[in-house]
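Data block below; observations after.
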There are 2 protein chains.
Amino acid sequence: MNDDNPKPVRGRPRTMNADTVRDVAMDAYWRTDPADVSINAICQMAGIAKPSLYRAFGSEDGLTRAVLDSYADRVLSVVFAILQNGEGLQDTLDALIDFASADPRMETGCLFYKMRAGKHRLGPETRARVEEIDAMAQAAYAAVLQGARDAGNWPGGLSVEAGATYLGEQIALAITQRASGEDPARIREMLTLALSVFTRQ
Amino acid sequence: MNDDNPKPVRGRPRTMNADTVRDVAMDAYWRTDPADVSINAICQMAGIAKPSLYRAFGSEDGLTRAVLDSYADRVLSVVFAILQNGEGLQDTLDALIDFASADPRMETGCLFYKMRAGKHRLGPETRARVEEIDAMAQAAYAAVLQGARDAGNWPGGLSVEAGATYLGEQIALAITQRASGEDPARIREMLTLALSVFTRQ
DNA sequence: TCATTTTGTTACCAGTCAGTATTTTATACC
DNA sequence: GGTATAAAATACTGACTGGTAACAAAATGA
């Protein structure tokens, strides 16, 4: 993705690494909340001047959008992999429970859910990307549940779509509770309870 | 609570009604989000000058605290009444489901949950009150579940405390979804599903 | 009439925000 | 050397934030 074989061009050589700045921003957004981290603070943390950031990302929306793209590549892909590679419903749900309630990456919550919760504060590009990812996740959850339904184990009177929304929101709730410092063991207990509705005999 | 028999005192008579200003602020906070409503905007909406507001409430923290107190009196009391007056577990859960998924007062969400979600942005007084109310709610939920447990219908292997947290968070999730424009019928479906774990035979 | 008290009004404070114009610096090309 | 080019650094803009000082207005009490 990055040209790390920089054939020399005219002009002052660049000292700022956009990927590094993006990662600094992601870390700050992720640890606290995107709404609580200013461009000024990111520049200070990254040791760069503001115009350099604006040259690389164009606007705050451009930065948050780049951060979200990278976050999707590096973190959300794990969830999509679980959904696509799980062996059966119970196995998939167990993997999701493990990830949400125990994975150290979710210790300070999920940056995507934080962005989604404050969606109205985001710029248009980032907001559109949030909605796109949300739709992808809903589809992935629905695919898993449709598979279970086809296999014959499905609670009566529940639509796959509603089940997918329910599943996604329960995961979001569990991870958001991680961010607020709730005891992981209790989070696991509650998430297991919430998802038991899919597998009661 | 208010002295509406104002025996004349010295000084210029007051034209500002603090209760009205508080209600204007509550409405604005409730419709959108406390973090998105500035003191300046409230003054403009209420048609008063900033020093008048500060004379009445002392600080932004004082105002949000007064708003939360009033909200607890006028709205949260409904939930506590449901919890205290419900006839049996299923009846109580049904009433909670009705309130969360259909009551028009929750159409733009719950101000308390909005404050709790942005707790770190609140002043110390308001934050303390949020935590106090949260503890009261947890206790009220636990009392209902303890009653059901004493009556003999209780799912195996679940502590009352964890059940109470689960119940509270499911209500919060449902109401937060109301604020984000989710279809009330689907919210009801999902909340019913989530709370069915308490009453499966 | 005149001082006292309490309110409302105006204009301001310092700080922060996202974003940018301007200048300085470091390189490549000739 | 000199020139073109692109990046970095500094300093700024205008808007907004919570909060307040200074003053004007409206009442009471003497």
Check the side chains of [Y] and [X] for a donor-acceptor pair under 3.5 angstrom, ignoring hydrogens and angles.
{"X": "A/Ser70", "Y": "A/Arg22", "value": "yes"}
{"X": "B/Asn40", "Y": "B/Gln44", "value": "no"}
{"X": "B/Gln138", "Y": "B/Asp134", "value": "no"}
{"X": "A/Gln146", "Y": "A/Glu161", "value": "no"}

Listed pairs, N/O of protein and of nucleotides 14-17 of chain D, under 3.5 Å:
| from | atom 1 | to | atom 2 | distance (Å) |
| --- | --- | --- | --- | --- |
| D/dT17 | OP1 | B/Ser38 | OG | 3.1 |
| D/dT17 | OP2 | B/Asn40 | ND2 | 3.3 |

* Selection: residues 24-31 of chain A, any non-hydrogen atom under 4.0 Å of DNA chain D -> none
Rounded to whole Å, how long is the line connecting atom [atom1] of [X] with atom [atom2] of [N]?
{"X": "A/Asp36", "N": "C/dC17", "atom1": "CG", "atom2": "C1'", "result": "14 Å"}
{"X": "B/Met16", "N": "C/dT9", "atom1": "CE", "atom2": "P", "result": "11 Å"}
{"X": "A/Leu122", "N": "C/dA18", "atom1": "CG", "atom2": "P", "result": "13 Å"}
{"X": "A/Phe57", "N": "C/dG19", "atom1": "CZ", "atom2": "C1'", "result": "16 Å"}
{"X": "B/Ile48", "N": "C/dT9", "atom1": "CD1", "atom2": "P", "result": "9 Å"}

Output yes when [X] and [Y] qualify as a salt bridge under the 4.0 Å nitrogen-oxygen rule, no when they do not.
{"X": "A/Arg116", "Y": "A/Glu131", "answer": "no"}
{"X": "A/Glu189", "Y": "A/Arg186", "answer": "no"}
{"X": "B/Asp98", "Y": "B/Arg188", "answer": "yes"}
{"X": "B/Asp103", "Y": "B/Arg178", "answer": "no"}
{"X": "B/Arg74", "Y": "B/Asp23", "answer": "yes"}

* Asked: Could you walk me through whether A/His120 and B/Asp36 pass the side-chain hydrogen bond (donor to acceptor under 3.5 Å, both in side chains) check?
  -> CA-CA 10 Å; A/His120 62 284; B/Asp36 295 329; 2.5 Å; yes
* To do: Examine the base of D/dA6 for any acceptor or donor lying under 3.5 Å from a partner atom in the side chain of A/Arg14, and report the outcome as yes or no.
  => no
* Report, as a single string ordered 5' to 3', how protein heavy atoms within less than 4.0 Å touch nucleotides 22-30 of chain C: B base, S sugar-phosphate only, - not at all. => ---BBBBS-
* Which comes earlier along DNA chain D counting from the 5' end, the contact point of B/Tyr54 or that of A/Ser52, where each point is its nearest nucleotide? -> A/Ser52
* Counting just side-chain N and O atoms, does A/Arg55 come under 4.0 Å of either OP1 or OP2 of D/dA8? -> yes
* Name of the residue among B/Tyr113, B/Phe112, B/Tyr71 meeting ring-ring contact (aromatic ring centres under 6.0 Å, His included) with B/Trp30 -> B/Tyr71
